[in-house]
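Taking it in order: structure first as structure tokens, then the write-up.
Only a predicted model underlies this, so the values are computations on that prediction, with no experimental measurement involved.
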Amino acid sequence: MIRIIMSVIFLNLLGYSFWVPQQSMGTTQPAFEVNIEGPQKVSANEEFTVAADFKVNIKGKLILTSRKQLFIYSIKDSSGKLINSYAVNDAGVSRSLSAGEVIIEGYKYKIKEPGVYEISATAEFTLDKDGESKNYKIVTESKKVEVTESAE
């Protein structure tokens, strides 16, 4: 829940408004939810997978256009230096989504050096709803992973 609140606060500071009414409870909820999951601890040179998910809370059909992979993953060492890089395919994909639908994507990586790392994922997309288009960029909360000496 804190991840969602921090993402919304950050995006609201950038001028985005993601709150939509939830009529059944008379409260508000975020229009989109993003989350990242992965292991807390791995060995150096051990391949691991993190998964990011994107959930739609907006009622009605919408068209989401993005790269082939919705999320871009960032892994930073304890000094904040980005340690991963990979080619991003800019070919666009359009997806028709409804409230409650979830997109889940995984990313595999192997960290060579022991230490504590932060992993996050960024969803970049254009939303087409009722004839209007708007660009979005939503970052998950960071997930920490501890990399220990390999057991070789």
Could you go through residues 93-103 and list every donor-acceptor pair under 3.5 Å that involves a side-chain atom there, pairing it with any protein atom two or more places apart or in another chain?
unit_1 : atom_1 : unit_2 : atom_2 : d
Ser94  : OG     : Thr65  : OG1    : 3.2
Arg95  : NH2    : Ser66  : OG     : 3.3
Arg95  : NH2    : Lys68  : O      : 3.2
Ser98  : OG     : Lys61  : NZ     : 3.1
Glu101 : OE2    : Ser98  : N      : 2.8

Listed partners of Tyr73 passing ring pair (Phe, Tyr, Trp, His ring centres under 6.0 Å), at least two apart: Tyr107
Set of residues satisfying side chain to side chain donor-acceptor pair (under 3.5 Å) with respect to Thr148, sequence neighbours excluded: none
Partners passing side chain to side chain donor-acceptor pair (under 3.5 Å) against Ser78 (at least two apart in sequence or in another chain): none
Inter-residue atom distance Leu82.CG - Lys76.NZ, 0.5 Å rounding: 6.5 Å
pair Gln40-Glu146: side-chain heavy atoms closer than 4.5 Å: no
Single-linkage hydrophobic cluster, 4.5 Å side-chain cutoff, Tyr86 and Ile75 together: yes
Glu113 atom CD, neighbour heavy-atom count above 12 within 6.0 Å: no
Ile36 vs Val34 side-chain heavy atoms within contact, under 4.5 Å: no
Salt bridge flag under 4.0 Å for residues Lys143 and Glu37: no
Donor-acceptor contacts under 3.5 Å from residues 47-56 side chains, at least two apart:
none

Residues in salt bridge (charged side-chain N to carboxylate O under 4.0 Å, His left out) contact with Lys144, at least two apart in sequence or another chain: Glu118
Min side-chain heavy-atom separation Ile63-Leu127 under 4.5 Å: no
Distance, nearest 0.5 Å, that separates CD1 of Ile119 from OG of Ser74: 10.0 Å
Any Ser43 side-chain heavy atom under 4.5 Å of Val147 side chain: no
Centroid-centroid distance, Phe125 to Phe32, less than 6.0 Å: yes
